[in-house]
Amino acid sequence: GLGRCAKACSLASDYLFYVYAPKYVTIYNTRLGILFRAMQVVSCAWVVTTLVRDRPWLKDYPVRPYGHTEWSEEGPESAVNRSDVEHCQNPGGFKYRSNSGKTLEPSRCLRQLHGDKVKSTSSDLFISTLVWDTFTTEAQGAKCALPTCGFAALPIGAEHATCSCRQEDIFFSKNVEGDIVLFHHGYSATFENDNFYQISLVTETVTSRSPKIVTRVVNSNGDECTVGGRSLWRNTDSENGIFGTVSEWLACSGHNLDEYVQGLAPTDGSQAPRLRMVGGEVNVQFHYSSELEGKDSIDLKSGEDVLCTVKVEFIPKWNMWETLSYLEDLVAGQEPGSHRLRRSYGLSFKSSAHGVVLLFSSSKLLNVLVNAFVIITFPANVIYWIILYGVGLLSAIYYKAAVEDLNVHRHVSGVGVRMLAS
């Protein structure tokens with residue numbers, strides 16, 4: 001009984017309590033050797049390519065817009081007060097007739113007050129290029145005898161006679177292409193400072209006055225374009241904002257105010273409207289990056305400077321801002337009789353910000369080293385399993401040479417018996 005129990009305990013010990021220890025066997029096989037070396041070359045090449053291309057030890061931190069502001073200022077007198085321009089000398093040449101039969105025919109050009117032509121909201125900056133004013137006057141009783149009201153719904157002498165009249169005035173806002181549009185911009189990001197096991201969250205904010213930001217203006221194709229006399233703005237240039245005339249921002253997107261918008265042409269084949277009448281959206285996109293190809297050509301310091309690429313795109317469309325103004329004093333309990341409905345067509349400058357800032361991360365570096373080690377040693381593991389199980393009869397030979405069961409107690413007792421027998 002004790003012998004059987006001891007044998008059972010020995011078997012249980014053999015099957016439950018064992019440890020694998022590597023045994024290195026050199027096998028001379030040309031085909032397996034070529035396959036092994038080829039897999040090693042491929043894995044090493046993959047690791048090197050990934051490291052060079054992706055730089056995975058850098059951690060990306062998404063940025064948010066900070067301190068973004070856009071506004072407009074009057075352009076130089078020599079540019080905004082010119083009268084020898086087409087929309088002032090021949091405003092009737094811009095006449096447009098829509099598919100519904102409505103005719104839009106400017107009669108003159110007028111240099112508006114800056115506050116009248118520019119509207120600013122939290123999301124965009126609107127600059128009017130065409131104004132369509134509708135003046136409406138409503139009167140009752142004896143006031144209907146005024147020469148400004150020609151139609152009476154009831155006889156003029158009647159006590160409850162009512163009348164109304166309407167006048168329209170369509171004109172161009174003079175030389176808005178010479179006005180200046182300015183942008184202040186910046187970003188904020190939350191960085192993790194991972195020093196060994198200590199992780200601290202730090203919020204860093206940088207405005208356009210920071211020496212870390214270099215701004216480059218490009219068009220929709222990524223080619224540099226000039227606004228305000230330069231395409232590259234450093235911190236000393238942009239302290240008062242990134243600025244350029246309306247015509248320069250439009251030129252960056254490949255458009256100008258006097259071009260025809262063929263996409264909005266009437267179906268009857270008549271003349272398409274001009275961009276000065278239609279308006280549209282000027283999308284100014286700010287993209288921040290600390291890692292960008294070509295940074296050496298503009299003297300960027302890796303890890304310190306951030307390149308902001310400003311891309312300008314334009315979408316032509318009917319773009320209108322509508323306001324209503326009363327033309328007489330408001331009296332409690334009385335409906336005002338005269339008002340002006342102003343439909344302003346023009347350009348909406350909209351800005352947006354996005355991008356990432358890349359910084360060195362020790363935890364990412366540790367992941368890179370672990371992953372690289374696994375990939376480089378992977379071919380050896382594959383070949384090992386092919387040798388043991390994948391080459392038919394040779395695998396049985398290789399298996400016996402590579403795998404050996406070692407039980408010290410049994411081997412010691414066997415050695416002792418042989419020594420006694422000898």
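In this text, all values refer to a predicted model and were calculated from it rather than measured experimentally. What you see below is based on every heavy atom in this structure, not just the backbone, and it leaves out hydrogens, waters and symmetry mates.
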- Let me see the working for Lys317 and Glu281 under salt bridge (Lys or Arg N to Asp or Glu O under 4.0 Å), right down to the final yes or no. CA-CA 7 Å; Lys317 65 175 187 178; Glu281 288 185 2; 2.8 Å; yes
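Counting heavy atoms of neighbouring residues, nucleotides and ligands inside a 6.0 Å radius, atom CG of Leu393 does not exceed 12 of them. Enclosure of atom OH in Tyr389 by more than 12 non-hydrogen atoms of other residues, nucleotides or ligands within 6.0 angstrom is indicated. The local environment of CZ in Arg108 is crowded, with over 12 non-hydrogen atoms from other residues, nucleotides or ligands closer than 6.0 Å. Within a 6.0 Å radius of NZ in Lys95, no more than 12 heavy atoms belonging to other residues, nucleotides or ligands are found.
Aromatic ring orientation, Trp321 versus Phe126: tilted (interplanar angle from 30° to 60°). The aromatic rings of Tyr345 and Trp132 lie parallel to each other, their planes meeting at an angle below 30°, with 60° marking the opposite boundary. Between His185 and Tyr288, the ring planes lie tilted relative to each other; the angle falls in the 30° to 60° range.
Closest of all the heavy-atom pairs between Gly254 and Glu259 is O-OE1, 4.2 Å. Considering all non-hydrogen atoms of both residues, Leu257 and Val176 come closest at CD1-CG2, 3.8 Å. The heavy-atom pair separating Leu58 from Lys364 by the smallest distance is O-CE, 3.7 Å. In plain terms, the two heavy atoms of Phe314 and Gly279 that are nearest each other are CZ-O, 3.9 Å. In terms of heavy-atom proximity, His255 sits nearest to Ser253 at CD2-O, 3.1 Å. Contact record, Gly244 with Trp249: O-NE1, 3.2 Å, taken as the closest heavy-atom pair.
Taking the centre of each ring, Phe172 and Phe94 come in below the 6.0 Å mark. Proximity of the aromatic rings of Phe286 and His68 is defined here by a centroid distance below 6.0 angstrom, and this criterion is met.
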